[in-house]
Amino acid sequence: MPDYSVEKVGALSPRVTVAHPEENARQALQMIQAALLQGVQAMVLPALYLSGATCGDLFRHAILPQACEAALLWLAEQTKQSSAVIAIGLPVRFDGKIYSCAAALQGGAIRGLVPNNCLTHAESRYFSPYAGEPQTVRFGGREVLFGKQRFGAVGITFGEPIQSCALVLHLAAEAEYLGLHEKRRRFLSERSAHCCYAYAGAGVGESTTDNVYAGACLVAARGRILAESERYRQQGSAVYAETGRLLSPVAAQPLPKEPVINPSPFVPQDPVRRASCCREALELQTAALAKRLTHTGLKRMVIGISGGLDSTLALLVAARTADLLRLPRAHILSVTMPGYGTSAFTRATVNALCEDLRVALREIDIRPGCELQMRDIGHDPDAHDVVYENVQARQRTQTLMNLANQEQALLVGTGDLSELALGWCTYNADHMSMYNPNAGVPKTLMRAMLQYEAERGVAAKALARVLETPVSPELLPPDAQGRVAQKTEDILGSYDVHDFYLYHFMLHALSPRALFELATQAFPGYTPAQRKQWLLIFLRRFFSQQFKRSCLPDGPAVCDVSLSPRGAWQMPSDASAALWLNEAEAIEL
């Protein structure tokens, strides 16, 4: 291995194809060769790159590590003319266990396999940590050193500290969420105080079933970021940095501090950080939807558009995705489906929005189909009950699903994180889609994102109309004055408060009493009775509506709170809420 004479370092995150090691090795070689032409002498690629980090239970199948082993040997052979150090991630089967490893390549040889001992809870399902002493193992028909982290002045890590190394190569596979990149930059600034530190994270091409991977690549030294890639690049990311720039240490800048109690924990209060948060959320959603479209091979999207917050954000993301993939926006088919409660205001909003965004718009009146359904099941159409409402919701989803099949399109979901937390969706109706980019976005953040786009001049007048529209499913006939009969926040309470409860309930596991006390500080404008009433509503619905979350369609986590049943939030659908409700009921006002 080289010593401190390394003068140029690289961090690479090529596009990945999940569970296709041969293709990934080819993609890696292209980026490695480009780095070598730039004079890079040491480089790092992401954790589990050769397999893809999101293979799930496929890691248990011996065929996948075997294929990764063959791909690694091929890659070593292709780079044997270079003396550069290359650290790349792959799964390795050894001694009856599977390890997530970094392979250190140089001059065509595998200098070592470094196991990951910083496993997340999810990774521990497939991989084992290694606590033994370094040893020689048989790998790829040759003897390879297993379990050693340091090779001369070069250290290889998955996150654990390494002392007294001039150069540290960090392999990562972190799912992106809002705020992670700031934490990442601070982490690297701190870790690079006395060395050069190169970081490569899993990127575009990883599965977006529940998460998005940004392909973050950074090089830091002496407490400062020297080079940083653009994230979510469809063709992959790479950065290089001269280690000679180590000479002028600059302390990392402290991050701005949030207030002690932020009433909108999903949305930064500082205007600059809020704009950055909204931009990052839109980029994350766009990357997720783009991955699903490219995987399916579909070129068209279908979206049910109502003129409300949720469908508007989904439409904005679809438009961004079409632009990213260089598809005509006319390939987005927006469908407005007037029912018994659709207002003239929201119908006009839909027309303005679709015209501004240059997307196709079709109107399908669902009332004849609803009348047929109610007649078939013997329901009185004058009974404006839950059946009357849900018949409309399911008629819309059935129409959209069938239309997407007809158009050979992907049905893009619209429901948001706040609605999923409260179960404010109709089972197998707006609850369902073919992919939902909004699944990780709470209402409070959604409002901020639409405001951000409006301020950038994107469909500004139409978005202003959306933002002034009360949240409503519009399933009941308007009143005598033609006004919307249903206002969701009149029924459930303020989404500002519900998002606040959701954030601290899930992220900090606060008790009902602690939630109430915290909300008292954050929301002095509401009465104690309101805060208590909404807390009880939150708890009752959060527990009783888990069955809807247990079968959610795929959709990316956007914040550090997610309700995906595939690892983010696992709760029995029939869990009792009694402990939480009893404590909340006992709160004295």
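Computed from a predicted structure; not experimentally measured.
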Check Ile225 against Ser189 and note the closest heavy-atom contact, atom names and distance. CD1-OG, 3.9 Å
Evaluate the criterion ring pair (Phe, Tyr, Trp, His ring centres under 6.0 Å) for residue pair Phe542 and Trp569; output intermediate values, then yes/no. CA-CA 12 Å; Phe542 189 87; Trp569 180 256; 5.6 Å; yes
Between Arg367 and Tyr340: side-chain donor-acceptor atoms closer than 3.5 Å: no
After noting the C-alpha distance and the side-chain angles of Tyr199 and Glu174, does the key distance pass the side chain to side chain donor-acceptor pair (under 3.5 Å) rule? CA-CA 11 Å; Tyr199 172 103; Glu174 296 175 293; 2.4 Å; yes
Check whether any side-chain heavy atom of Met432 sits under 4.5 Å from a side-chain heavy atom of Leu552, and report yes or no. no
Glu228 and His181 side chains, donor-acceptor separation under 3.5 Å: yes
Below 4.5 Å, heavy atoms only, C-beta onward: do Pro437 and Val412 meet side chain to side chain? yes
Side-chain heavy atoms of Val44 within contact of Leu171, under 4.5 Å: yes
Counting N and O atoms only, with roles assigned by atom type, does the side chain of Arg300 sit under 3.5 Å from a partner on the main chain of Leu410, one being a donor and the other an acceptor? no
Pair Gln285-Asn438, side-chain donor/acceptor within less than 3.5 Å: yes
Within the distance-only criterion (no hydrogens, no angle test), does the side chain of Tyr49 pair as donor or acceptor with the backbone N or O of Arg15 below 3.5 angstrom? yes
Can you see whether Thr414 engages Asp310 through a side-chain donor-acceptor pair at a distance of less than 3.5 angstrom? no
Take Asp210 and Ser562 through the side-chain contact (heavy atoms from CB on, under 4.5 Å) test and state the conclusion after the steps. CA-CA 9 Å; Asp210 289 310; Ser562 170; over 6 Å; no
So CG of Leu463 and CZ of Arg447: to nearest 0.5 Å the spacing works out to 14.5 Å
Without swapping roles, check the side chain of Glu182 against the backbone of Gly179 for a donor-acceptor pair under 3.5 Å. no
Measure the shortest side-chain to side-chain distance between Leu282 and Tyr452 over non-hydrogen atoms and say whether it is less than 4.5 angstrom. yes
So, Ser237 side chain and Glu230 main chain: donor-acceptor pair closer than 3.5 Å or not? yes
Under a 4.0 Å N-O cut-off, is there an ion pair linking Lys487 with Glu474? no
Is it the case that atom CD in Glu363 sees more than 12 heavy atoms from other parts of the structure closer than 6.0 Å? yes
Heavy-atom donor-acceptor pair, Ser207 side chain to Thr209 backbone, under 3.5 Å: yes
Using distance alone, with no hydrogens and no angle criterion, decide if Gln533 and Tyr526 have a side-chain donor and acceptor under 3.5 Å apart. no
Step by step, work out the side-chain contact (heavy atoms from CB on, under 4.5 Å) result for Leu535 and Leu515. CA-CA 8 Å; Leu535 177 59; Leu515 286 172; 4.0 Å; yes
Are Thr296 and Tyr435 linked by a side-chain donor-acceptor pair shorter than 3.5 Å? no
In the structure I gave you, are the side-chain heavy atoms of Gln570 and Pro565 within less than 4.5 Å of one another anywhere? no
Identify whether the distance between the nearest side-chain nitrogen and carboxylate oxygen of Lys291 and Asp554 falls below 4.0 Å. no
For the pair Tyr427 and His431, name the ring-plane relationship: parallel under 30°, tilted 30 to 60°, perpendicular over 60°. parallel
Taking the side chain as every heavy atom from C-beta outward, state whether Leu357 and Val458 have any atom pair closer than 4.5 Å. yes
Could you check whether Gln486 and Ser472, counting side-chain N and O atoms only, form a donor-acceptor pair closer than 3.5 Å? no
Just by modelled atom types, is the Gly223 backbone N or O under 3.5 Å from a matching donor or acceptor in the Ser192 side chain? yes
Would you mind writing out the side-chain donor-acceptor pairs for residues 500-508 within the sub-3.5 Å range, not counting sequence neighbours?
{"from": "Tyr501", "atom 1": "OH", "to": "Arg531", "atom 2": "O", "distance (Å)": "2.8"}
{"from": "His504", "atom 1": "ND1", "to": "His508", "atom 2": "ND1", "distance (Å)": "3.1"}

Quick one: pull up OG1 in Thr208 and CD in Glu176 and give me the separation to the nearest 0.5 Å. 14.0 Å
How about Gln408: does its CD atom have over 12 heavy atoms from other parts shown lying under 6.0 Å from it? no
Is it true that a side-chain atom of Asp270 and a backbone atom of Arg273 form a donor plus acceptor pair closer than 3.5 Å? yes
Can you measure from OG1 (Thr54) to CD (Glu206) and round to the nearest 0.5 angstrom? 4.0 Å
Output yes when a side-chain donor or acceptor of Glu123 lies under 3.5 Å from a complementary backbone atom of Thr120, and no otherwise. yes
Ignoring hydrogens and angles, state whether a donor on the side chain of Ser264 or Thr444 is under 3.5 Å from an acceptor on the partner side chain. no
Going by distance alone, is a donor N or O of one side chain under 3.5 Å from an acceptor N or O of the other, for Ser343 and Thr346? yes
Look at the side chain of Arg274 and the backbone N and O of Met449, then say whether any donor-acceptor pair between them is shorter than 3.5 Å. no
The side chain to side chain contact (heavy atoms under 4.5 Å, CB included) partner of Ile305 among Val335, Thr349, Leu353 is Leu353
Do side-chain atoms of Asn436 reach the backbone of Gly415 as a donor and acceptor pair under 3.5 angstrom? yes
Hey, is Arg362 close enough to Glu407 for a salt bridge, meaning N to O under 4.0 Å? yes
Would you say Arg541 and Leu492 make side-chain contact, with heavy atoms under 4.5 Å? yes
Would you give me the side-chain donor-acceptor pairs under 3.5 Å for residues 312-320, sequence neighbours excluded?
{"from": "Thr312", "atom 1": "OG1", "to": "Gly308", "atom 2": "O", "distance (Å)": "2.6"}

Just so I know, are the side chains of Arg540 and Gln545 near enough to count as touching, which here means a heavy-atom distance under 4.5 Å? no
Excluding sequence neighbours, so at least two apart, what forms side-chain contact (heavy atoms from CB on, under 4.5 Å) with Gln398? Gln395, Asn402
The test is salt bridge (Lys or Arg N to Asp or Glu O under 4.0 Å); show your working for Lys461 and Asp356 and say whether it passes. CA-CA 9 Å; Lys461 291 183 179 180; Asp356 285 352; over 6 Å; no
Are the charged groups of Lys443 and Asp496 less than 4.0 angstrom apart, N to O? no
